[in-house]
**Student:** 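Shown below is the structure under consideration.
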There are 2 protein chains.
Amino acid sequence: MVAQRGQRGRRGAARQADTPDADNAPTAEMPAVPVNGAAADPVRAKAIPEAAVARLAVYLRVLSAMAEQGATTVSSEELSAAAGVNSAKLRKDLSYLGSYGTRGVGYEVSVLVGHIERTLGLTRKHKVAVVGIGNLGHALANYGGFPGRGFPVEALFDLDPDLIGVPVGGLPVSHLDEIPKVCAEREISIGVIATPPTAAQSVCDRLVAGGVQCILNFAPVVLQAPPHVEVRKVDLAVELQILSFHVARRADEEAGVNGVANNGMVVRS
Amino acid sequence: MVAQRGQRGRRGAARQADTPDADNAPTAEMPAVPVNGAAADPVRAKAIPEAAVARLAVYLRVLSAMAEQGATTVSSEELSAAAGVNSAKLRKDLSYLGSYGTRGVGYEVSVLVGHIERTLGLTRKHKVAVVGIGNLGHALANYGGFPGRGFPVEALFDLDPDLIGVPVGGLPVSHLDEIPKVCAEREISIGVIATPPTAAQSVCDRLVAGGVQCILNFAPVVLQAPPHVEVRKVDLAVELQILSFHVARRADEEAGVNGVANNGMVVRS
DNA sequence: GGGTGTGAACTACTTCACAGCT
DNA sequence: AGCTGTGAAGTAGTTCACACCC
């Protein structure tokens, strides 16, 4: 029970964002956090929509690849095609950063890269801890300094006594009980949960106790965390089930087409 | 310049959804596919919003857990709390399935489970192929029959000659070149790409050639696929960068509070 | 001509609030 | 009295379309 009437627009307890996302919908399931500070803080300039933030990360990757191949400028048309969005959306997204394009020409790749990195807070390092060194945790730990640097893995945790002290990807595994202490000492800012679902909430609590600011949760549970901690989840089961839904929908539609031949009337099953 | 006027609402080329939500995320980032058949097909009943579909999968998990613990009915308040959403949203989501609750009482757990499963197309099995048996692929293959059954892994592929023929999780690895043939033979409907980014597009093409209907892409690239193939991506780098953005935003806000003391004027960096 | 930047229109999603069933 | 189901209102995100600049 949550019950909080008369709290219009207030942010309640459990927030949880999606990957994909929403996105990972992709996307389309975004956190209830007031990203648009507009109402919250009228002084501050318009905040960047959450959906745009996710895409900025994609643009950044595409731009980096382009820079490596020696490109110095891009048009919104080119960049948007490479990023899989339409050009209007791209331009609007970039406009949140300010006006850094040249009309009639396009954008300078290096300038854009710099601005996106700054906006996403990538000018600073974010230390990562991985909890749960099973199959997935192993994979994550071995990424060894996550994507494009900037996200060094600096702590590993597990429950299994046989794993404690064993180096994985060059870093020894510590016990779950050490999470608060070690995270605080090493100033971990992002905790990645790759444990079985039963352990996830307790791990989450310990990460929070250790002062972690963000959590990326691979365990299939809804985590409860204080509002100042940003939680995002990556949920394989949900992704597969969404795909399953689309398969089913497609099948239905085909049936529907036949139904239409049937006098244009389709009976709801 | 007119491009395609009078094509309002038409779906363009590259679609890509997020995990997230929204997307992942975050990732409020949903596909441009006309899920709401409303305009596309006025005959058909209102389709379920993409965002709701992602949540239905979560409700299903929560309900299954509740059923295991012997619960027979739930109220929207209880279920929504457990799923981390508010009750209005939950009720709206469930209403897309039809009216299966009892006013004054709540929902019968088993009935709801059945309806959600049917809606998500989980009454049918969806065979999965995992491509790229590296760290992540290994982890995925060992999941051995994905979440709650219904998603059996029935083919594995890699490029590495040392891996070909080696059984992983009880299933021998085949070569990438075999993808179209094997997928067709075994009637694979979901392909999971866990390869390095450079290989991903070619793998995607082969999966499509093999008649795969959906792709879950873990490689950090934007895939190009025909419109009848549903692609979702799970992008670790993007997730981390979104978290990074929120850390930065939070830091800014604190600075902002100080800034306000400074005459209410905050200079944009 | 070519391409950005952006208000305005539109679409999708969320939340409110209450009628109506049990 | 309690809780669902849902129109209506509100908010977030997308797309259009064109002014403006190079």
Side-chain angles (χ1 to χ4, degrees), chain A residues 1 3-12 22-23 25-36 38-39 46-55 73-80 85-108 112, chain B residues 1-12 22-23 26-36 38-39 46-55 73-80 85-108 112:
Chain A
M1 268 212 304
Q4 13 151 231
R5 203 49 54 79
Q7 292 244 43
R8 303 180 151 238
R10 262 295 143 283
R11 280 51 207 60
D23 161 354
T27 357
E29 176 184 325
M30 288 283 108
V33 177
V35 173
N36 287 315
K46 254 219 175 53
I48 303 177
E50 180 83 12
V53 172
R55 288 188 300 264
T73 61
V74 256
S75 67
S76 62
E77 208 61 63
E78 292 170 295
L79 182 49
S80 67
V85 302
N86 68 11
S87 61
K89 196 188 283 182
L90 176 107
R91 286 200 304 278
K92 184 137 282 211
D93 288 345
L94 293 185
S95 78
Y96 295 122
L97 311 181
S99 296
Y100 299 114
T102 309
R103 291 167 196 234
V105 179
Y107 302 89
E108 199 173 327
L112 224 43
Chain B
M1 236 239 305
V2 176
Q4 10 134 246
R5 202 54 53 77
Q7 292 245 49
R8 307 181 149 237
R10 262 295 144 280
R11 281 57 204 53
D23 12 57
T27 350
E29 173 186 325
M30 286 285 106
V33 177
V35 173
N36 287 316
K46 256 223 173 48
I48 303 177
E50 180 83 13
V53 172
R55 287 188 299 264
T73 62
V74 257
S75 67
S76 62
E77 209 60 65
E78 292 170 295
L79 181 51
S80 67
V85 303
N86 69 11
S87 62
K89 196 189 283 182
L90 176 109
R91 287 200 301 280
K92 179 70 73 176
D93 288 346
L94 294 184
S95 78
Y96 294 122
L97 311 181
S99 295
Y100 299 115
T102 310
R103 289 166 197 235
V105 179
Y107 302 89
E108 199 173 328
L112 224 43

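Heavy-atom basis, side chains included; hydrogens, waters and symmetry copies ignored. Labels below follow one simple rule: chain letters A, B, ... track the order of the sequence lines, proteins then strands, and each chain is numbered from 1.
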**Student:** Is there a side-chain polar atom (N or O) of A/S75 under 4.0 Å from OP1 or OP2 of C/dG3?
**Tutor:** no
**Student:** Output the rounded distance in Å from CD (B/E50) to C1' (D/dT14).
**Tutor:**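 Taking atom C1' of D/dT14 as the reference, CD of B/E50 is at 15 Å.
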**Student:** Atom OG in A/S76, atom CG in A/D93: separation rounded to 0.5 Å?
**Tutor:**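 Between atom OG of A/S76 and atom CG of A/D93 there are 11.5 Å.
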**Student:** Check the distance between D/dT14's P and A/L94's CG and give it to me in whole angstrom.
**Tutor:** 14 Å
**Student:** For A/V105 and A/A88, take the nucleotide of DNA chain C holding the closest heavy atom to each; which residue's nucleotide lies nearer the 5' end?
**Tutor:** A/V105
**Student:** Among the nucleotides D/dT14, C/dG5, D/dG13, which one has an atom lying closest to any side-chain atom of A/Y96?
**Tutor:**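 Among the listed nucleotides, the one closest to the side chain of A/Y96 is D/dT14.
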**Student:** Are OP1 or OP2 of D/dC22 and a side-chain N or O of A/T102 less than 4.0 angstrom apart?
**Tutor:** no
**Student:** Between B/S80 and B/N86, is a side chain to side chain contact (heavy atoms under 4.5 Å, CB included) present by the stated rule, with each step listed?
**Tutor:** CA-CA 6 Å; B/S80 67; B/N86 69 11; 5.8 Å; no
**Student:** Whole-Å distance between D/dA12 P and A/K92 NZ?
**Tutor:**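 To the nearest whole Å, that distance equals 15 Å.
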**Student:** If I take atom CZ in residue A/R103 and atom C1' in nucleotide C/dG5, what distance separates them, rounded to the nearest angstrom?
**Tutor:** 5 Å
**Student:** Rounded to whole Å, how long is the line connecting atom CZ of A/R91 with atom C1' of D/dC21?
**Tutor:** 14 Å
**Student:** In whole Å, I'd like the distance from the NZ atom of A/K89 to the P atom of C/dC10.
**Tutor:** 19 Å
**Student:** Side chain to side chain contact (heavy atoms under 4.5 Å, CB included) between A/Y107 and A/L79: does it pass, once the steps are laid out?
**Tutor:** CA-CA 9 Å; A/Y107 302 89; A/L79 182 49; 5.5 Å; no
**Student:** Are any of A/Y107's side-chain N or O atoms less than 4.0 Å away from OP1 or OP2 of C/dG5?
**Tutor:** yes
**Student:** With B/S75, which residues qualify under side-chain contact (heavy atoms from CB on, under 4.5 Å), at least two apart?
**Tutor:** B/E77, B/E78
**Student:** What is the distance from CD1 of B/I48 to P of D/dT6, rounded to the nearest Å?
**Tutor:**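 Checked: the CD1 to P distance equals 14 Å.
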**Student:** Whole angstrom is fine here: how far is it from CD in A/E78 over to C1' in C/dG3?
**Tutor:** 11 Å
**Student:** May I have all residue pairs that pass salt bridge (Lys or Arg N to Asp or Glu O under 4.0 Å) and include part of residues 95-107 of chain A, sequence neighbours excluded?
**Tutor:** none
**Student:** Does C/dT14 have OP1 or OP2 under 4.0 Å away from a side-chain N or O of B/R55?
**Tutor:** yes
